[in-house]
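Starting from 1, each residue takes its place in the sequence as its number.
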Amino acid sequence: MKKIIILAVALLAVAGTAVAQKAAKQIVTTVFITDLDCENCAKKVYDNFYGKGVRSVKCDVATKSVAVTYDATKNTPENLVKSFADLKLKVSKHMTEAEFAHYKEHNGHNHSHSHHGHKH
């Protein structure tokens, strides 16, 4: 009986470690502004952009953006920029999803920035 209890405690400890390792993953999404200009380029990205820690890729030709969801403990935006270069795509900037929402809302449109407290 004592051996069964010890074995059960050991199994719980191993299971707890596995859960802790999964929790240690840092899944983030970074949006890259690229020179993506057609659906064929987007297809090239979809077909070839799965690297270390990359979970998903979403291209938007209209905004020339590529949202990459990845494990930040396994990859960085700088390394992902190199992956774009491997596909012959140039990245002009990268940002968080929240920053991209603001960028998309304000980029290339005539609008007032008075609500932001700054002028362009």
Side-chain angles (χ1 to χ4, degrees):
M1 183 70 169
K2 189 174 185 180
K3 288 181 182 178
I4 292 173
I5 293 172
I6 292 171
L7 180 61
V9 169
L11 287 173
L12 286 173
V14 170
T17 302
V19 169
Q21 287 175 343
K22 284 188 178 189
K25 290 181 181 180
Q26 296 175 352
I27 306 304
V28 297
T29 299
T30 300
V31 180
F32 298 85
I33 305 303
T34 69
D35 57 353
L36 183 78
D37 62 357
C38 68
E39 290 300 325
N40 286 334
C41 292
K43 183 176 178 353
K44 183 169 65 170
V45 172
Y46 285 126
D47 290 347
N48 298 292
F49 203 85
Y50 289 90
K52 193 171 188 178
V54 174
R55 298 291 180 93
S56 70
V57 176
K58 182 179 178 191
C59 299
D60 184 342
V61 174
T63 60
K64 296 182 178 263
S65 65
V66 180
V68 181
T69 301
Y70 59 97
D71 182 346
T73 64
K74 295 182 178 182
N75 217 325
T76 65
E78 293 74 24
N79 284 339
L80 294 170
V81 167
K82 292 174 188 172
S83 296
F84 281 105
D86 291 345
L87 295 175
K88 309 287 189 252
L89 287 171
K90 182 181 174 190
V91 173
S92 59
K93 64 173 61 179
H94 59 81
M95 60 196 83
T96 66
E97 287 178 294
E99 291 167 334
F100 178 66
H102 184 265
Y103 171 86
K104 189 166 73 168
E105 179 183 325
H106 293 79
N107 190 41
H109 301 287
N110 290 329
H111 59 279
S112 168
H113 281 269
S114 61
H115 63 283
H116 293 291
H118 63 269
K119 295 179 183 176
H120 284 240

Exercise. Step by step, work out the side-chain contact (heavy atoms from CB on, under 4.5 Å) result for Val54 and Leu80.
Key: CA-CA 9 Å; Val54 174; Leu80 294 170; 3.9 Å; yes

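Contact record, Pro77 with His94: CB-CE1, 3.5 Å, taken as the closest heavy-atom pair. Listed here is the closest heavy atom pair of Phe49 and Ser83: CE1-CB, 3.4 Å.
With sequence neighbours excluded, the residues that form a side-chain hydrogen bond (donor to acceptor under 3.5 Å, both in side chains) with Asp60 are Thr63. Lys82 meets the side-chain contact (heavy atoms from CB on, under 4.5 Å) test with Asn79; sequence neighbours excluded.
With rounding to the nearest 0.5 angstrom, the NZ atom of Lys93 is 9.5 Å from the CD atom of Glu99. Interatomic distance, CE of Met95 versus NZ of Lys104, reported as 11.5 Å (0.5 Å rounding).
Side chain of Asp71 to backbone of Gln26: a donor-acceptor contact under 3.5 angstrom is found.
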Show me the donor-acceptor pairs, under 3.5 Å and distance only, between side chains in residues 28-44 and residues at least two apart or in other chains.
unit_1 : atom_1 : unit_2 : atom_2 : d
Thr29  : OG1    : Thr69  : OG1    : 2.7
Thr30  : OG1    : Tyr70  : OH     : 2.8
Thr34  : OG1    : Leu36  : N      : 3.0
Thr34  : OG1    : Lys64  : O      : 3.2
Asp35  : OD1    : Lys90  : N      : 2.9
Lys43  : NZ     : Asp47  : OD2    : 2.7
Lys44  : NZ     : Leu87  : O      : 2.9

